[in-house]
Amino acid sequence: MPSNAPNSSGLQRLIAQLAPLLIVCALMFALPVLLNNDFLLNKVARYLVLGILTISLGLSWGFGGILNLGQAMSFGLGSYAMAMALKLKTVPVHTGASGLPDFMVWNNVQHLPWFWEPFRSLSFAIAAGLLVPALVAAGLGWFMFRGRVTGVYVSIITLATMVVINLVIIDQQSYTGGFNGITDLAQLELFGIAFDAYGRATYYLVAGCVLLSLLVAFAFTKSRAGLIVQAIRDHESRVRYFGYDVALYQIFVFALSAAIAGLAGMLYTVVMEFASPTFLGVQLSLSVVVWCAVGGRQSLVGAFLGAVLVAGMQGALSESAAFLETWTLVMGALFVLVVLFLPKGLAGLAQSTWRWVAQRRQAAGSAVARGVSQTEGST
Amino acid sequence: MDQFIEQIVTGLSIGSILLLVALGLSIIYGSMGIINLAHGEFVMLGAYAAWVFHTYLGLGLLASLVPIFLVVAAFGWVIERYVLSLLNNRPLDTILATWGVGIMLQQAVRLMVGSELRYVQLPPALADSMNVFGIPISSYRVFLFVVSIALFGATWMLMNRTTVGMKLRAIIQDRSVAASFGINAKRVYALTFAYGAGLAGLAGALVSPLKSVSPDMGTGYVVDAFMVVVLGGVQSLAGTVASAFILGELSGGIAFLQNDTVAKTIVLLAIVVLIRFRPEGLFTARVRA
C-alpha cells in the first residue's frame, strides 16, 4: 500500500482505504446474529484473536521491515499476565486456606512469589499484559537497532530470545506451571460483566479489540512516524542521511507491535481458558508469519483475514486426522506458491485485480468519450 | 581427571554431529546467502533413506552412504531449480520459501511412512567400543568424528582446488562479472545447493543409529546448526569447524555442570550477544563494507 501525501482528494482516499476495514468489522460484529451456536462462536473468537496477533506482525514486518520470528513471545507474555490474575481469583476454590495456586502447592512452594503478588489486581494484570511485552520489545529493540542489526539477524535474535523465555517458563515449573501452563482459571470480570469463554460478551470483547487494533495500527501507518518507518523499510540509510534517528522509530514500531500482540495474548487466555508455553512456541510464531504472508503483509486487513481464514480452515479440517495431515501438506505448498508468486499476499492480489478492473472501466469510458468527440468533430 | 576427559570426549562427539549438519548449511548460506530452513528436513530425508535402504534393500549403513548422498542431493537440486532460483533478489523470502518446503517434505514423509519412530542398526563392525586414553568410547562415535573431519576436508578441497569451487568463489565475489566470463551461475548455484543438501542427507544417515528417526527430527538440528554457522562466520569453513566443536564442548560442559535447559539458554544468549556485536562471526576477518 503506497502511502500518499495528503492532497485535495485525501479524505476521499482515506475513506477508500478504510472501506475494507469497516466492511470486515461490520461482518464480524454481525456474525453472532447469524450464528446461533456458542461453541462455534468461541472458535471464531479464537481465530479473531489470532488475527490480532497477525495484525501486530504485519505492522512490524510489512510496514517496518522487521521480520520478527519471535512475535509469539509478546503474545505469550500477555497470555501469562492474564492467566496469573485469573488464577489468583480462583485460589480459594482450588487450594483452600493456604491461598496458593494449585500447581505451587504441588511443587511445595510455601509463599506466593513476589512477582505474583501484584497480579491480585486485575487492572495491574491488564496493564502488565500490554506493557511487559512492549518494554521487553523496546529493550530488545534498543539492543538490536542501536547496533544497526538488520534483516536476517533480527529474525535470529528474536527467535532465539523467544526460545530462551520459553525454556525458562518450562523450567521454572513451581512458579509458572511449567510444561502444563496455568489451567483452571476463573472467568474474567470487567465492569460487572462476566466474560464466559463461550458467551457472546467474550465474542464482542474480542471483536471490539480487533476493531481497536486495526484502527490503532491504521492510524499509526498514516501518521508521520508511520511514514518514516515505511521509508526506513524501503531505504534505511537514505532516511538516516536525512537526519532521522532510525533506531528510535524502529524501536517504537517494534514495541507497538509487541503491545498489540500482548493484547491478543490476554484475549487468548480468556477465550481458551488457560495459558501454555506453546503460546510462545516456535510453531505458533512461524504460523503467524505464514498467515501474515498469505493474507498480505503490507495490508492490515489482509493480514487479519489471512489469519482468520487459514487458521479457521485448519480448525475446521482438524476433526479428521488424515485430513489434517494432508491439509498441512497443502498449506506448505500454498505458502511456497504465495511467497514465489504473490509476495503481497491475497490483499495484493485483490488490489491488483481491483486496479485492473478500474483501468478497464476507465479505458472503456475514454473510448466512449473519444467516440463522442469524434462524432462531434465530424458534425 | 577421567571424568574431565570423558566430558571432553562427549563434547567432541556432540561437536562432530553439529559439524556434519552445519557443513552443508554453511556452504549454502555462505555462498548463496540462503538461510535454508529445510536443512533439517534434508537431514531427516537422509535418515529415512538409511532406514529404507536397510529395511527394503538390506543394505548396511556404510554401503548406502553414497546412494543416500545422491538421493538427497537430487532433492536439493530440484528445490533450488524450481523454487529458490525464482527468488533471486529476495533473501528474506528464501527463509519463508525453504520453511514451506520443509513443511511439505516433513508432511509428505509423515503421510507416506507414518509418524512412528524408526530405528536404524549400527554397522556391526563399529558396534563395540574402543579405548582412547584409557576410557572406553563407542567406536561409532570415533567413526563419526573421523567422517566429519574427512567431509570437511573434502568440502575444503572442492571449494579451493576444483574448477567448480573456483567458479563458485568467483560468483560469490561478483556474480555479473563472473557471468560475463562465461560462468553459468544458475548451474553452479543448483550444484552448490545440491551438494549442501547431500551433506545434510549424509549427516542424517550417520546420526540415524544414535537417535530415533521421525519426521520432525530435523527441526532441532537446524537451529543448532544455524548457531554453528553464525558463530563460525559466513564464508569461513574453518570457522564452522571451530565453532562446531566449541559449541559441542560448551553445551556438553554446561549440561554436565548445570542442566540441559541452562546449557541451551546460555548458548542461545551467547549467540544473541555475538550477533549484536560481531555479526560477521568469530572467525572471519572483517569483511569490506
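Just so it is clear: chains get the letters A, B, ... in the order the sequence lines come, proteins before strands, and each one is counted from 1. None of these values were measured; they are calculated from a predicted model.
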Bottom line for A:L67: the part with an atom under 4.5 Å from chain B's heavy atoms is side chain
Ranked by heavy-atom pairs below 4.5 Å to chain B, first place among A:V338, A:D171, A:T161 goes to A:D171
Whatever's closer than 4.5 Å to a heavy atom in chain A on B:L96 counts as both
### Neighbour count above 12 (heavy atom, 6.0 Å) for A:F242 CZ
no
* Asked: Would you say B:R187 has more than 12 foreign heavy atoms packed within less than 6.0 Å of its CZ?
  -> no
Turns out that what part of A:L286 lies under 4.5 Å from chain B's heavy atoms comes down to both
Review point. For A:R238, does the CZ atom have more than 12 heavy-atom neighbours from other residues, nucleotides or ligands under 6.0 Å away?
Key: no
Residue from A:I156, A:V290, A:V163 scoring the most non-hydrogen pairs under 4.5 Å with chain B is A:I156
Applying a strict 4.5 Å limit to non-hydrogen atoms, the region of A:V336 in contact with chain B is side chain
**Message:** More than 12 heavy atoms of other residues, nucleotides or ligands under 6.0 Å from OH of B:Y189: yes or no?
**Reply:** yes
Rounding to 0.5 Å, atoms CD1 (A:I157) and CG (B:L268) come to a distance of 11.5 Å
- Quick check: are there more than 12 heavy atoms from other residues, nucleotides or ligands sitting under 6.0 Å from CZ of A:F145? yes
Heavy atoms of B:I103 and A:G332 approach each other most closely as CG2-CA, 4.3 Å
Side-chain touch B:V272/A:F143, heavy atoms, less than 4.5 angstrom = yes
Between B:R276 and A:R146, the two heavy atoms sitting closest are NH2-C, 4.1 Å
CG (A:L329) and CG (B:L105) are apart, to the nearest 0.5 Å, by 9.5 Å
Distance col, row B:L274:CG vs A:Y153:OH, nearest 0.5 angstrom, shows 9.5 Å
